Amino acid sequence: MAKILRVGMIGYGFMGKAHSNAWRQAPHFFPLKARVELHTICGRNAAGVQAARVQFGWQNSATDWRDVVESPLVEVVDINTSNDSHAEIAIAAAQAGKHVLCEKPLAMTVKQAAQMLAAAQKAKIVHMVCHNYRRIPAIALAKKMISEGVLGQIYHYHARYAQDWLSDPEFPLKWRLQKHTSGSGAHGDINAHIIDLGRYLVGEFKEVCGLLHTFITERPLEGEAGKVPPPGSKSARKLGKVTVDDAAMFIGRFHNGALASLEATRLATGRKNHISIEINGSKGSLYFNFEDMNRLRYFNNEEPKDRLGFRDIVVTQSNDIQPYVGQWWGSGHILGYEHTFIHTVADFVNACVEGKPVQPTFEDGLKNQQVLEAVELSAKNRQWVKI
Ligand code: SOE
């Protein structure tokens, strides 16, 4: 009888949708060591989570995450809530012996991340942070090429994560815009991703110097957006203070001597989910652009000098020599954002069955948090900070 892995997922927003799709699809495309059951989806709003249960294909719905964590049937807890609840839920799940997949950033602070890692290690559960972009086939190929030494000594890691969903001042003051629920803004939300890719592809950060900035300092409270008060009316609209960054930038040094330059913003008008990465080394360079996510651009400085140039590697060869793509379609049939979550879940399921670690673990999450917090301290004190 094949092992069954029953999943309880907390949160049903954008990430709940992406993760639900991944839990449903992974078994159909990857050789998993267990059957996956979408057992319970949990959210505070009963009507909302019931609708999500039907839409996303879960067996049960719940409104109290403790019911999910304490259920003897659930073996895996998938956390997709606002950042302020990651630690409490993950620690309770670990103490209940559940394997935990947690959305990024792992926590609100380094202290919380360390507590989550300690609880996971003590409970001997499998723990993973959903830095899904590591499992873009082109990024996984870049990792393989760098590990083989094709770039030689790494000089530069240059990364930009640019979105513009906050460029409208009418976008309301949701949880990602408030420090007490999000911890930080673009910094912990999307800089966390390119920090993780820097750690994955280049190495550990040694020291950083950064700045955080908020362009739009007030926004309409939820429910007030778009309501323009009639001219001359006394009832001013209810606005709230934005307490997190709109944009974060930092430079830094890796322990291996490479230099880092990262920028994350949610006000880059025209950029919807733009992630560009360039890594320059002594023997060559790699360039990646998420808006063209099946393509990795490679400059091999060891080719004959009359034909040097960046060339395109379309990372979709189905003969299994490129990571993940062999499980999908014939060569050249491209993949998308949702596949990165399916790859993440597939590796997580097999790790849970085997009881083996799977990166990025909560330790990676803690190291990410250490970089995030060092940049915040640097920005506050306007000085370099060692990690
Ligand atoms: C919002 O910025 C967001 O949903 C991030 O939280 C995700 O991690 C990223 O993949 C897409 O944008």
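Order of listing sets the numbers, starting from 1, for every ligand and every atom in it. We're numbering straight along the sequence, starting at 1. None of the values given here were measured: they were computed from a predicted structure.
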Who are the side-chain contact (heavy atoms from CB on, under 4.5 Å) partners of Pro169, not counting sequence neighbours? Ile216
Would you call Arg134-Asp364 a salt bridge at under 4.0 Å N-O? yes
Shortest non-hydrogen pair, Phe254 vs Gly198, comes out as CE2-O, 3.8 Å
Contact table, ligand 1 N/O with protein N/O, distance under 3.5 Å:
{"from": "ligand 1", "atom 1": "2 (O)", "to": "Gln163", "atom 2": "OE1", "distance (Å)": "2.9"}
{"from": "ligand 1", "atom 1": "2 (O)", "to": "Gln163", "atom 2": "NE2", "distance (Å)": "3.3"}
{"from": "ligand 1", "atom 1": "2 (O)", "to": "Asp189", "atom 2": "OD2", "distance (Å)": "2.6"}
{"from": "ligand 1", "atom 1": "6 (O)", "to": "Lys104", "atom 2": "NZ", "distance (Å)": "3.0"}
{"from": "ligand 1", "atom 1": "6 (O)", "to": "Arg176", "atom 2": "NH2", "distance (Å)": "3.3"}
{"from": "ligand 1", "atom 1": "6 (O)", "to": "Asp189", "atom 2": "OD1", "distance (Å)": "2.5"}
{"from": "ligand 1", "atom 1": "8 (O)", "to": "Lys104", "atom 2": "NZ", "distance (Å)": "3.1"}
{"from": "ligand 1", "atom 1": "8 (O)", "to": "His193", "atom 2": "NE2", "distance (Å)": "2.7"}
{"from": "ligand 1", "atom 1": "10 (O)", "to": "Tyr133", "atom 2": "OH", "distance (Å)": "2.8"}
{"from": "ligand 1", "atom 1": "10 (O)", "to": "Tyr337", "atom 2": "OH", "distance (Å)": "2.9"}
{"from": "ligand 1", "atom 1": "12 (O)", "to": "Gln163", "atom 2": "NE2", "distance (Å)": "2.9"}

Residues two or more places apart in sequence or in another chain: which of them pass side-chain contact (heavy atoms from CB on, under 4.5 Å) with Ala113? Leu106, Ala107, Leu366, Gln369
List the atom pairs, donor and acceptor, that lie under 3.5 Å between side-chain atoms in residues 376-387 and the rest of the protein, sequence neighbours left out.
{"from": "Ser378", "atom 1": "OG", "to": "Gly210", "atom 2": "N", "distance (Å)": "2.8"}
{"from": "Ser378", "atom 1": "OG", "to": "Gln383", "atom 2": "O", "distance (Å)": "2.7"}
{"from": "Lys386", "atom 1": "NZ", "to": "Glu207", "atom 2": "OE1", "distance (Å)": "3.2"}

Taking atom types as modelled, is there a side-chain donor on Glu278 or His158 under 3.5 Å from an acceptor on the other? no
